[in-house]
Amino acid sequence: MALILAIESSCDETAIAVIKDGALLSNIVSSQVDVHAKYGGVMPEIASRLHVENIGFVLKEAIERANIKLEDVDAFAVTRGPGLIGALHVGLQAAKTLAMLYKKPLIPVHHLVGHIYANEYIQKFHFPLLAVVVSGGNTELILMKDHMSFDIIGETRDDAIGECYDKVARVLGLPYPGGIPIDRLAKEGKHTYDLPTPLKGEHTYDLSFSGLKTNVINLVHKLEQRGEKVNVPDMCKSFQDVAVGTIIDRVKRAAQEYQINEVILGGGVSANSYLRSEMTREMEKLGIGIHIPPMWCCTDNAAMIAKVAERLYDMRLFAPLDLGVDPNWKIQDYNKFTN
Ligand code: KG4
């Protein structure tokens, strides 16, 4: 084990964590969400600029809270992808600079592997398991037969589920990030609007959210044109039932077909209370275990990157200092980093 400093900057959070022999010494997250809220979504150029402005302060706070000296760090880890190219670039340049200055290894970490391994803060994994990674940029069902073994069995064919939540929220006049108000309002609503189930009748583990989003937008416009008021809590509930329902459907089928021991959730949308309760209920019925990361670990942070970095450190999976980011890095290639 070692002392590792990990950096995450793939989207709109500038985050740095320090971990030592499995113990998290600091975990600092500087979120830009208030800035992007004005635009109803993440503005990539603004995200990159804010990472540049914030990263020095985040680094200072992370090392002060951890009460360590940079020269004592054994390796510098960083999210190399997937994510926004300019945003990733800021974190990678910072990590490369530190690795170069202190002559320590550079560890590139896959963002989704981070979301999965965030669960290791609460429990050990029992394979085979199904990792359900649901976030603003990704929706993947990943079969893991062992540590660091990833087999994508299903993924979105178009929009990510979080992106869909954010767009639906925008048409309903709700603030960004849309998952939070939709989750809250759905608890007060009833499923009264008829929204078609995506990819209905197809025997697939893939998902699709673009049609669902368009259906909500068209329905809202139609009601407005007719002078009818949209019942926002009911629309939230109707939408959420379908969006979360398709994920539960895939997971239930996959759980049986692949004889999995447990399901683990990861990514910002795993903060969703309906997804958490439904998944727990359905998996309990099937006698399958479930891991849900603690709320602090659902959205982007560097603690999850640090957790993966410890494994990669033990595997001696270090990168050369001319490494570039990969905004489309595939999870199964987490150990390959050709520029
Ligand atoms: O993993 P994450 O922090 O970063 C990205 O990949 O972008 O996920 C952010 C996403 C946003 O789309 C946000 O609307 C969604 O997670 N989200 C939620 C909830 N909290 C955050 N979606 C549904 N229900 C929630 N409670």
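For clarity, every value in this text was computed on a predicted model and none was experimentally measured. Indexing begins at 1, ligand by ligand and atom by atom, following the structure's order. Position 1 is the first residue of the sequence; numbering continues from there. Values reported hereafter were calculated over all heavy atoms of this structure, with side chains retained and with hydrogens, waters and symmetry mates removed.
- Between Tyr117 and Phe150, the ring planes lie perpendicular to each other; the angle is over 60°, past the 30° to 60° tilted range.
- Ordered by chain and residue number, the residues placing a heavy atom less than 4.0 Å from ligand 1 are Cys11, His115, Ser135, Gly136, Gly137, Gly162, Tyr165, Asp166, Pro177, Gly178, Gly179, Ile180, Asp183, Gly267, Gly268, Val269, Ala271, Asn272, Thr299, Asp300.
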Residue pair Phe239, Tyr165: steps toward the ring pair (Phe, Tyr, Trp, His ring centres under 6.0 Å) verdict: CA-CA 9 Å; Phe239 159 73; Tyr165 263 90; 5.0 Å; yes

Stepwise, does the side-chain hydrogen bond (donor to acceptor under 3.5 Å, both in side chains) test hold for Ser10 with Glu8? CA-CA 6 Å; Ser10 65; Glu8 155 64 41; 2.6 Å; yes

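- For Glu61, the side-chain hydrogen bond (donor to acceptor under 3.5 Å, both in side chains) test picks out Arg65, with sequence neighbours left out.
- The list of salt bridge (charged side-chain N to carboxylate O under 4.0 Å, His left out) pairs with a residue in residues 103-131, not counting sequence neighbours, reads Glu120-Arg311.
- Cluster note: Val35 groups with Tyr39, Met43, Ile46, Leu50 through ILVMFWY side-chain heavy atoms spaced under 4.5 Å, whether in direct contact or through intervening members.
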